[in-house]
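The structure under discussion appears below in the form of structure tokens.
Worth knowing before you read on, the calculation uses all heavy atoms, side chains too, and leaves out hydrogens, waters and symmetry mates. Everything quoted here is computed from the prediction, not taken from an experiment.
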Amino acid sequence: MAKRWLLLLIAAVGLMVPCRALSGWQHATDMYRIFPFDSVPQNKAVLRYYKLVNSYLDYPYTQPGERPSKSNPKRPKSIADHPKFSKIHWQGRHRIWFHWGFNTDPRQFAPIINSLNAAIADGVIQKSDLPEFWDLMNAEVSKRNRALMNEGAAVFGFGELGAISAAQRRQLNGLVTVLYSIHILGDHQTTDSNDIVPLNRVYADIYSAIDNIAGKDAENYAKAKALKQQLKPYQQNPKSFLDAMERFFSPFLLSLSGPGYDYKVRWKDYSLRK
């Protein structure tokens with residue numbers, strides 16, 4: 001218990017000082033404090049999943065199933081190894097990749113669009129090369145998102161991803177989206193936040209995820225609506241928003257009920273914080 005609180009204190013102090021980037025354990029600490037899973041050995045799969053989500057965002061070259069390496073290029077493998085696209089001067093660092101949100105179309109992400117337009121203007125690539133780029137990018141996003149959903153389905157007790165219902169897939173997508181968004185909100189607290197999705201888009205993703213997690217039952221829907229109203233006053237500051245998520249998200253999650261939406265039952269084999 002003392003060690004856990006010490007980690008939270010260190011993370012809180014670290015976030016008070018503007019920095020260029022957050023470490024993986026700082027992001028994982030945010031996930032831990034917002035989700036209801038205790039930091040105990042029986043929850044190892046969940047805690048490992050937090051690390052996986054963070055590594056997918058911070059190590060764009062790493063492929064599903066591979067160990068991340070700081071020495072790898074800060075671009076997706078399909079782009080870094082491409083004879084043309086590897087020569088583009090990409091705006092920003094690793095955060096230009098995948099920091100647009102879990103469900104967002106990268107074609108709407110300004111840092112990518114600006115980098116491509118500059119490369120065309122400089123003659124590095126031709127406009128006719130864009131379909132190939134987007135084919136590669138869409139395949140990369142699909143592969144990584146599918147891997148996160150597959151792993152999340154097992155970790156969060158949904159079973160095989162291909163065998164779950166559309167409603168369960170929305171629930172799972174909501175849980176993954178919240179974790180993904182927690183990482184991005186953490187990055188918004190640093191000095192290097194120009195090349196990630198704007199805050200209003202992150203909040204919109206979280207609110208949509210909350211609806212997906214709750215489902216369409218009237219009682220659960222009302223709880224989702226109440227949670228969003230609790231969070232909205234804190235949108236001006238990402239740290240305040242995460243702090244509010246810590247207070248309100250887990251109680252909301254564990255208060256849901258009904259077949260498939262009673263997360264206390266779904267996660268009965270885990271240790272949940274009271």
Side-chain angles (χ1 to χ4, degrees), residues 7-8 10-12 14-15 17-35 45-81 85-86 88-104 106 109-112 115 136-137 139-152 155 175-199 201-202 205-206 209 238-239 241-242 245:
L7 287 174
L8 292 176
I10 292 171
L15 290 178
V17 181
C19 57
R20 190 172 185 86
L22 295 188
S23 66
W25 70 264
Q26 287 173 306
H27 288 300
T29 297
D30 280 334
M31 294 173 179
Y32 163 75
R33 69 189 179 103
I34 289 169
F35 272 69
V46 175
L47 302 177
R48 185 173 60 242
Y49 188 64
Y50 296 165
K51 183 178 180 181
L52 179 66
V53 174
N54 291 322
S55 71
Y56 270 34
L57 278 155
D58 284 343
Y59 296 93
Y61 189 87
T62 302
Q63 298 297 293
E66 295 180 352
R67 290 178 61 85
S69 172
K70 292 183 178 180
S71 64
N72 283 338
K74 305 303 181 185
R75 292 163 288 173
K77 182 177 175 63
S78 59
I79 304 303
D81 296 347
F85 304 141
S86 61
I88 294 176
H89 177 72
W90 295 102
Q91 176 182 327
R93 297 171 181 257
H94 78 273
R95 288 181 181 173
I96 190 177
W97 306 106
F98 311 119
H99 283 64
W100 46 69
F102 189 64
N103 298 300
T104 302
F109 191 53
I112 294 286
S115 297
L136 289 174
M137 199 72 260
E140 188 77 26
V141 170
S142 295
K143 175 174 59 180
R144 296 166 75 87
N145 286 8
R146 185 169 59 251
L148 283 180
M149 288 284 284
N150 275 323
E151 184 70 18
V155 167
L175 294 168
V176 177
T177 297
V178 172
L179 288 172
Y180 209 93
S181 300
I182 288 171
H183 180 112
I184 295 174
L185 285 177
D187 284 344
H188 264 288
Q189 297 171 61
T190 68
T191 59
D192 187 19
S193 61
N194 293 327
D195 298 317
I196 53 181
V197 67
L199 280 172
R201 182 65 255 173
V202 186
D205 284 348
I206 290 174
K239 182 182 184 305
F241 192 91
L242 287 173
M245 288 279 286

*List the steps and the verdict of side chain to side chain contact (heavy atoms under 4.5 Å, CB included) for Q26 and H183.*
CA-CA 9 Å; Q26 287 173 306; H183 180 112; over 6 Å; no
*Which is it for K74 and R95 under the side chain to side chain contact (heavy atoms under 4.5 Å, CB included) test, yes or no, and what are the steps along the way?*
CA-CA 9 Å; K74 305 303 181 185; R95 288 181 181 173; over 6 Å; no
*Would you please test I96 and S115 for side chain to side chain contact (heavy atoms under 4.5 Å, CB included) and show each step?*
CA-CA 10 Å; I96 190 177; S115 297; 3.7 Å; yes
*Any chance you could lay out the side chain to side chain contact (heavy atoms under 4.5 Å, CB included) test for N145 and Y56, step after step, and finish with the verdict?*
CA-CA 9 Å; N145 286 8; Y56 270 34; over 6 Å; no
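Closest heavy-atom contact between N54 and A28: ND2-N, 3.5 Å. Between P238 and L185, the shortest heavy-atom contact is CB-O, 3.7 Å. Counting all heavy atoms, side chain and backbone alike, L242 lies closest to G186 at CD1-N, 4.1 Å. Considering all non-hydrogen atoms of both residues, A80 and S86 come closest at O-CB, 3.2 Å. The two residues H188 and V197 have their closest heavy-atom pair at NE2-O, 2.7 Å. The shortest non-hydrogen separation linking P106 to M137 is CG-CG, 4.4 Å.
Between the side chain of E151 and the backbone N or O of L148, no donor-acceptor pair lies under 3.5 Å. The main-chain N or O of A139 is never found under 3.5 Å from a side-chain atom of S142 such that the two would form a donor-acceptor pair. When atom types are taken as modelled, the side chain of H27 and the backbone of S55 share no donor-acceptor pair closer than 3.5 angstrom.
In this structure the side chain of L136 never reaches within 4.5 angstrom of the side chain of E140, judged on heavy atoms. Looking at heavy atoms from C-beta onward, M31 lies out of side-chain contact with K51 at the 4.5 angstrom threshold. For the pair L179 and F35, the minimum side-chain heavy-atom distance is below 4.5 Å. Here the side chains of V53 and F102 are not in contact, with every heavy-atom distance at 4.5 Å or above. Using a 4.5 Å heavy-atom cutoff, the side chains of Y180 and D205 are not in contact. Counting only heavy atoms from C-beta outward, the side chains of P60 and F98 approach each other to under 4.5 Å.
Taking the centre and axis of the six-membered ring of Y61, the NZ or CZ atom of R75 falls outside the cone set by 45° and 6.0 Å.
Note: F85 CZ to I79 CD1 = 6.5 Å, rounded to the nearest 0.5 Å. The CG atom of D187 lies 11.5 Å from the OG atom of S181; values are rounded to the nearest 0.5 Å. Note that CD1 of I34 and OG1 of T29 are 10.5 Å apart. Values are rounded to the nearest 0.5 Å. The structure places CZ of F109 at 9.5 Å from CH2 of W97, a figure rounded to the nearest 0.5 Å. In this structure, the separation between CZ on R144 and CE on M149 is 16.0 Å, given to the nearest 0.5 Å. To the nearest 0.5 angstrom, T62 atom OG1 is 12.5 Å from K70 atom NZ.
Under the side chain to side chain contact (heavy atoms under 4.5 Å, CB included) rule, F241 has a single partner from L199, I182, I206, which is I206.
Side-chain contact check for T177 and N103: at least one donor-acceptor pair (N or O, by modelled atom type) lies under 3.5 Å.
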